[in-house]
Amino acid sequence: MQEPLSERYEPGAIEPVVQAHWDDDKVFKVREDPEREKFYCLCMFPYPSGRLHMGHVRNYTIGDVIARYQRMQGKNVLQPMGWDAFGLPAENAAIENNVPPAQWTRSNIEYMRGQLKRLGFAYDWDRELATCDPDYYRWEQWFFGRLYEKGLVYRATAVVNWDPVDQTVLANEQVIDGCGWRSGAPVERREIPQWFLRITAYADELLDELDRMDDWPDAVRTMQRNWIGRSEGLSIRFALNDASVGGLEELEVFTTRPDTLLGATYMAVAPEHPLALACAENDTALGAFVEECRHQSTSEAVIEKLEKRGMALPVTVRHPLTSEALPVWVANFVLMSYGTGAVMSVPAHDQRDWEFARKYDLAIVPVIADAEGNAPDVTSGAHTERGRTINSGKFDGLDFAAAFDAIATALEREGRAERRVQYRLRDWLVSRQRYWGCPIPVVYDNEGNMQPEAADRLPVTLPEDVAWEGVASPLRSMPDFTATTLADGSPARRETDTFDTFFESSWYFSRFCCADNADGMVDERVDYWMPVDIYIGGIEHAVLHLLYARFFHKAMRDAGLVKSDEPFKRLLTQGMVCKETYFRETAQGRKQYFNPAEVDVETDDKGRVIAARARSDGQPVTIGPVEKMSKSKNNGVDPQALIDRYGADTVRLYTMFAAPPDQSLEWSDSAVEGAFRFLKSLWRLTHEHVSVGPVDALDVTALDDALKDLRRHIHETIVKVSDDVSRRYKFNTAIAAVMELVNHLSRTPADNAAARAVRQEGLDTVVLLLAPIVPHAAHVLWQALGHDEALTDARWPVADENALVREAIELVVQVNGRKRAVVQVAADADKAACEQAALADDNVARFTEGKTVRKIIVVPGKLVNIVVQE
RNA sequence: GCCGGGAUGGCGGAACUGGUAGACGCGCCAGACUCAAAAUCUGGUAUCCGAAAGGAUGUGGGGGUUCGAUUCCCCCUCCCGGUACCA
C-alpha cells in the first residue's frame with residue numbers, strides 16, 4: 001500500500017520512519033558471499049569525544065555516499081562503524097569532573113551512536129566495536145606476544161617531557177611554551193625505559209610499495225616517502241685527538257655528502273651526547289648550557305625553530321683525510337635520537353651549518369664548484385647543489401658519484417668508515433605512561449626480568465573502576481592490578497604502561513570483517529573483505545596513522561593472519577571543516593572568542609561583511625580569520641541543531657555540495673538554507689507531477705526539439721554524475737549538475753502526455769542520482785513516483801546513447817587568443833567547415849579585416865583560434 | 001626549520017588532458033504575490049567604459065614557455081596540515 005505524497009517536505013516526519021525501516025529490516029547487514037563482488041567502504045572511526053562535530057558529519061557522509069553508490073552498482077557492500085575509544089581526553093575529563101574514563105567514554109559512545117543513526121548512515125551495526133572493550137584489545141595483546149617472538153619488540157630508553165610538579169609524563173600537546181599545561185612548571189627532558197616496535201625492519205617494503213599504490217593521493221605517498229627518508233651515505237669515525245674523554249675515543253657521524261668531507265670544519269654533538277656530558281662535568285659554563293638544553297621540548301617543530309646555539313667543547317677530532325684538528329661543539333639543534341647524536345658540519349655546503357659557522361665565526365671552506373666550475377660564492381649563504389670537487393687535494397675534479405666513491409673507498413681501506421643505508425624513520429615507541437589505554441601484556445619477576453604474559457592468561461584487563469587522585473596514571477598505585485604471579489606461582493609485577501592508541505587503530509579494519517570471533521584475532525572472513533576498497537579520513541593522518549596501519553598489516557600478514565600486502569586499496573583524504581572566528585582582546589591581551597551563533601553580522605548593500613556585534617551586549621567584536629572548527633576558537637557549529645532544524649538529508653546535501661571532499665570546507669548557515677530550499681522545490685515538483693495521475697509510456701519518436709533537448713540533458717546528467725561520483729569523487733559538481741537538470745525540468749511545461757513522460761524519466765533519474773546523498777527523501781519520492789522496489793535495491797541509471805546524440809554544436813571563435821564570437825556548426829563539421837564558419841562571423845571579421853591571417857588553429861568540437869598579423 | 005597542500009567575484013566553489021574564467025549555490029539589488037511579513041516566483045549581479053552592441057581589465061605578487069596559461073616552468077608572499085606522547 002502506498003500513501004499519497006504529502007504536499008510539504010517535512011524531513012522531521014519522514015526521516016525517522018525511513019530509518020526505522022532500514023533498522024528493522026537490517027537492510028545494511030552484510031554476509032560474505034563469494035558469488036558477489038565485494039566492496040569494503042571504510043571511514044576512519046571516531047574518537048568518542050562527546051558529540052559529533054562537523055568533521056565527522058562530513059567524513060561519514062562522504063563514506064555513505066560511496067557505499068550507497070556501490071550498492072546501486074550491485075556490489076556486496078560492507079560499511080562498518082566503531083569507536084577509537086582509548087585516549088587522553090577521557091583522562092582529562094576524569095581529572096576535571098571526577099568521572100571514570102570508562103564511564104565517560106561509554107556514555108559518549110551511546111550519545112554519538114544515536115547521532116550517527118539520526119544521520120541515516122548505511123552501517124552494518126552488528127559489527128560495531130569499541131577498542132576499550134577487552135574482547136577487542138585482548139587480541140592486540142596476543143599479537144604483541146607474536147611480535148615479541150619474532151624479535152620485532154624491544155625495550156630501550158627514550159626521552160620524554162617530564163612535569164616535575166605533577167610527577168608525570170606530558171604529551172607534546174600538553175607542553176605550552178616549555179611548561180606543563182596544568183602545573184605551569186618548566187618541563188624537563190627525562191630518559192625512561194620504553195617499548196618499541198621494529199617498524200624500521202619494514203622500511204624498505206613500506207617505501208617500495210608506495211610506488212605501486214596508484215589509488216592513493218600523490219601528496220600522501222610523497223609525505224610517507226619523505227618520512228621514511230631512505231638515504232645512502234657514509235658512516236665515518238673521527239678519532240679524538242685527546243686521549244679518551246668520558247670513555248670515548250672516537251666520534252661517529254653519518255653523512256649523505258661524503259663528497260664534501262674536505263669542507264668539514266667542525267663537529268657538532270647533541271647536549272645529551274656522552275662527550276658533551278663528560279666535558280660538562282668539569283666546566284660550569286658548559287654544564288649550565290647542557291642543563292639549559294635539558295629543558296628544551298622533545299618536539300621537533302619546537303626544536304627546529306629554536307635559535308641555533310652552541311658552545312665549544314675542550315676537545316678536537318682528527319680529520320680522517322687531512323689529520324687537521326677540527327673543533328667539536330655542543331649544539332641545541334642536534335638530536336640524540338637521530339642517528340649517532342653527532343654530525344660533521346660543512347658550512348660551505350649546508351645552510352644550517354653555514355648559519356652556525358657565521359654566528360660563531362667558524363671556518364667556511366668551499367669544496368664543491370658552482371655550475372660554471374668556479375669556487376662558489378659562500379658569503380651570503382651555503383652552496384647546496386651538487387657539483388665537481390675543488391680544494392680537495394687528490395679528490396679534486398670529481399662529480400658527486402665519483403667523489404662519493406673515491407672518498408668512501410679511501411676511508412674504508414683505513415677502516416674509518418662504512419657505506420650505509422639510513423632511514424629517517426625511527427622505530428615506533430608504543431608505550432605510554434597513561435591509564436586509559438590497553439595494558440601492555442608484560443610481567444617482571446623479582447629480579448626485574450621481564451616476559452610477555454602467556455597467551456592463555458589474556459586479556460590483561462584494565463581495571464575500569466578507578467579513583468583518580470592527582471594527574472598521574474592510577475594504575476601504579478593499584479596493587480590488585482600490579483601484583484601477579486608467574487606461571488610457576490612465584491610473585492611478579494605487571495607492566496603499568498599502556499599502548500599508544502595508534503596500536504588499536506592499526507588493525508580495527510581487519511577486525512570489522514569478523515568482529516564476533518571469540519577464538520582468534522581474525523578468521524578467514526578477513527580474506528573475503530580485505531583490503532579495504534576505499535578508506536576515507538582526514539589528511540592530518542597522512543603519515544602517522546596510515547604508516548603504522550600499513551606496517552601492522554604487513555606484520556599480521558607475516559604472522560599468517562591476513563593475505564593482502566596493503567590494507568587500503570584506495571585512499572580519499574578529506575579536508576577540514578572551517579568557520580570564521582570572532583573575538584575581543586581582554587585587558588591581559590588574551591583573546592576571548594565568541595561563537596558565530598552568538599554574533600550578528602552587518603553587511604553593506606553588496607552583502608560585504610563590514611562589522612560584527614555580540615548578541616549578548618550589542619558591542620562590536622573583531623572578525624578573525626576562517627579557521628578549523630575547534631573548542632579553543634569557539635567557532636564550532638553543532639550538527640545536532642542543524643539536523644533538528646533541517647533534517648539529516650539537508651545537512652548531508654550541504655556538506656557534499658559546499659566543497660569537494662579533499663578541500664577544506666567553509667561552513668555557511670545560509671548556504672544550508674539553500675540546500676533545504678532545493679529539496680523543497682524537488683519535492684514540490686514531484687508532488688505536482690504525481691498528483692496529476694499516471695503517466696503514459698515514453699515514445700522517444702514523438703518528441704519535439706525542446707523535449708529532445710530536455711531528454712538529452714537527462715542522459716548527459718547521468719553521464720556527468722556517474723563520472724563525478726565514481727571516478728572523480730566530486731560530489732559538489734554532481735549535485736550542481738542535478739540542480740541544473742531540476743531547473744530545466746521545472747522550466748519545461750508538462751502539459752501533454754509526451755512532456756509528462758519525459759518529466760517522469762527526469763524525476764526518476766534525479767531521485768536515483770541523489771539517492772546516495774539524500775537517501776530519506778529519495779526513498780519517499782521513489783515510492784511516490786510509482787516504484788514498488790525499495791530504493792536501496794534499485795540500480796544506478798545508465799545513459800541512453802541515442803538520447804546523447806547532438807546535431808549542432810557551439811564553436812568558440814578567437815582572434816589572437818581572444819574570444820570574439822560563438823558560432824553554430826554541424827556536430828560532424830570538418831576543419832575547413834569550422835574555419836569557414838568562424839571567418840564568416842561579423843564580429844570576427846571586424847578583427848581580421850585588413851590583416852594577414854598567419855595561422856588558424858582548430859580544436860575539433862571546441863574552438864577556432866585565428867592568428868593574424870597585428 | 002623541514003615535508004605536504006592551498007590562494008579564482010561580496011561568499012562557498014566551477015573550469016577534469018594547455019582551449020569560452022566565474023557553472024551551481026549563497027548573499028545582495030529590483031520586481032511580482034501579500035493589509036503586512038514569512039514562504040514562493042521572475043529578472044539582474046566580476047571590475048571599469050558604454051543606452052546597447054561591444055570593448056578593456058581580471059584567477060595571491062613578479063618573470064617565462066605557448067597561437068592560447070587559473071592549468072606548465074622559475075622566483076616570492078601569505079594561509080593551512082604534519083613534524084613521531086592530540087587523535
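Computation of the quantities below employed the complete heavy-atom set of this structure, encompassing side-chain atoms and omitting hydrogens, waters and symmetry-equivalent molecules.
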- Message: Distance check needed: G19(B) C1' versus R818(A) CZ, whole Å only.
- Response: 15 Å

- Query: Does G1(B) have a Watson-Crick or wobble mate here (both distances under 3.5 Å), and if so which one?
  - Reply: U83(B)

- Please determine, for U57(B), whether a Watson-Crick or G-U wobble partner exists with both distances under 3.5 Å, and give it or none. A46(B)

- Message: Expected output is a numbered-order residue list: members of residues 654-664 of chain A with a heavy atom under 4.0 Å from any atom of RNA chain B. What is it?
- Response: F657(A), A658(A), P660(A), Q663(A), S664(A)

Does the side chain of [X] get closer than 4.0 angstrom to OP1 or OP2 of [N] through an N or O atom?
{"X": "N226(A)", "N": "C2(B)", "result": "no"}
{"X": "R8(A)", "N": "A39(B)", "result": "no"}
{"X": "N843(A)", "N": "G55(B)", "result": "yes"}
{"X": "N732(A)", "N": "A14(B)", "result": "yes"}

- Sequence neighbours left out, what passes salt bridge (Lys or Arg N to Asp or Glu O under 4.0 Å) with R58(A)? Give chain and number order. none

- Message: Across nucleotides 73-87 of chain B, 5' to 3', mark each nucleotide with B, S or - according to how protein heavy atoms within less than 4.0 Å reach it.
- Response: -------SBSBBBBB

- Message: Considering only residues two or more places apart or on different chains, which pairs with a residue in residues 44-55 of chain A satisfy side chain to side chain donor-acceptor pair (under 3.5 Å)?
- Response: R51(A)-Y111(A), R51(A)-D638(A), H53(A)-H56(A)

- Pairwise side chain to side chain donor-acceptor pair (under 3.5 Å) hits with a residue in residues 652-664 of chain A, at least two apart: D64(A)-R652(A)

- Item | Spacing of Y646(A) atom OH and E673(A) atom CD [to the nearest 0.5 Å] | 3.5 Å

- Any N or O donor-acceptor pair linking the side chain of R854(A) to the base of C67(B) at under 3.5 Å? no

- Item | Selection from C16(B), C11(B), G4(B) that lies nearest to any side-chain heavy atom of A219(A) | G4(B)

- Note on the structure: Quick note, V812(A) side chain, CB onward, closest among G19(B), U20(B), C26(B) is U20(B)

Please produce a list of atom pairs where a protein N or O lies less than 3.5 Å from an N or O of nucleotides 40-42 of chain B.
unit_1	atom_1	unit_2	atom_2	d
U40(B)	O3'	R684(A)	NH2	3.4

- Which whole number of Å gives the distance between the P atom of G68(B) and that of G58(B)? 15 Å

